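Note that the structure is predicted; figures quoted are calculated from it, not measured. As the structure lists them, so they are numbered: ligands from 1, and atoms in each ligand from 1.
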Amino acid sequence: MIRKITEYPEAVLGQVGKPVEKFDDELKALCDDMFETMYDAEGVGLAAPQIGLNQRLFVMDCDGIKLVAANPEIIETEGEQSGQEGCLSVGKVPAVVIRPMKAKLRAQDADGNWFEREAEGYAARAFMHETDHCNGKLFIDHLPKMRRDMVVKSFKKRKNW
Ligand code: NI
């Protein structure tokens with residue numbers, strides 16, 4: 001089922017998510033919905049707060065890496081990259097964000113098994129962007145105030161506020 005995407009500045013997007021504790025059929029159905037919603041919106045990642053759920057959970061399918069990550073943490077980073085980033089909750093308005101080039105993710109899959117996964121470039125960016133969502137942080141929080149205001153302004157304009 002396609003869920004409604006939560007948009008900035010809804011409060012849930014700024015809240016630290018609660019840990020996922022139950023790895024049951026309900027969680028698997030939720031992940032299916034999240035993938036469906038993400039593909040429908042032509043995104044490469046989607047976190048639970050983006051469908052209004054205050055939980056530490058995301059799905060992604062980016063640069064050949066498709067996974068479910070519950071209780072995600074970025075445990076290592078290396079280098080630096082500068083690249084365009086956008087978010088389904090901010091109307092995909094793009095902005096350049098500086099982030100590490102490589103990132104190692106530690107998380108649980110839909111069955112509750114812990115795993116670690118390394119990524120580079122765009123996929124590493126997705127790891128960090130989606131983990132940020134689980135911590136109540138948006139990509140615009142990484143921008144200097146003036147550029148953040150510009151992104152918000154053009155998002156509001158697109159939405160015809
Ligand atoms: Ni996002």
Side-chain angles (χ1 to χ4, degrees), residues 1-20 27 30-75 77 80-108 110 117 119-145 147-159 161:
M1 187 181 74
I2 294 170
R3 309 279 191 114
K4 186 179 180 289
I5 293 178
T6 318
E7 292 188 320
Y8 177 85
E10 286 188 58
V12 66
L13 294 171
Q15 290 164 0
V16 177
K18 295 199 178 92
V20 175
L27 180 72
L30 171 62
C31 292
D32 287 347
D33 282 2
M34 288 171 68
F35 273 116
E36 200 180 337
T37 305
M38 179 187 85
Y39 291 130
D40 178 67
E42 295 176 3
V44 296
L46 186 79
Q50 295 185 273
I51 54 164
L53 300 173
N54 182 26
Q55 284 190 46
R56 304 181 58 76
L57 175 70
F58 74 76
V59 300
M60 73 174 248
D61 187 352
C62 176
D63 261 4
I65 299 183
K66 181 179 176 181
L67 52 79
V68 167
N71 304 319
E73 275 178 87
I74 300 297
I75 54 171
T77 59
E80 189 179 287
Q81 60 173 319
S82 171
Q84 289 234 337
E85 202 166 315
C87 180
L88 297 175
S89 294
V90 195
K92 295 189 190 168
V93 176
V96 172
V97 184
I98 295 163
R99 294 206 189 250
M101 176 56 90
K102 292 184 189 174
K104 191 189 272 184
L105 171 76
R106 182 171 185 269
Q108 283 166 284
R117 188 83 191 253
E120 208 176 320
Y122 194 38
R125 185 175 284 281
F127 279 177
M128 294 180 273
H129 178 116
E130 301 309 330
T131 300
D132 274 356
H133 272 301
C134 298
N135 293 321
K137 206 167 175 188
L138 295 175
F139 82 104
I140 52 175
D141 297 329
H142 291 279
L143 302 175
K145 190 181 179 305
R147 287 189 30 234
R148 181 195 160 108
D149 290 348
M150 275 168 58
V151 170
V152 170
K153 203 174 151 191
S154 79
F155 170 54
K156 286 179 177 172
K157 212 169 161 186
R158 279 189 196 188
K159 275 182 67 88
W161 279 14

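Near the Ni ion (ligand 1), less than 2.8 Å away, sit the protein N, O or S atoms Cys87 SG, His129 NE2, His133 NE2.
Here the side chain of Gln81 pairs a donor or acceptor atom with the backbone of Pro100 at under 3.5 angstrom.
The shortest non-hydrogen separation linking Phe127 to Ala119 is CE1-CB, 3.4 Å. Nearest heavy atom pair, residue Leu105 against residue Ala69, reads CD2-CB, 4.2 Å.
Note on residues 85-98: pairs passing side-chain hydrogen bond (donor to acceptor under 3.5 Å, both in side chains), not counting sequence neighbours, are Gln50-Ser89, Glu85-Arg99, Glu85-Arg125, Glu85-His129.
In this structure, the side-chain contact (heavy atoms from CB on, under 4.5 Å) partners of Val12, at least two apart in sequence or on a different chain, are Thr6, Gln15, Pro49, Asn54. Residues that satisfy the side-chain contact (heavy atoms from CB on, under 4.5 Å) test with Phe35, not counting sequence neighbours, are Met38, Tyr39, Val59, Lys66, Val68.
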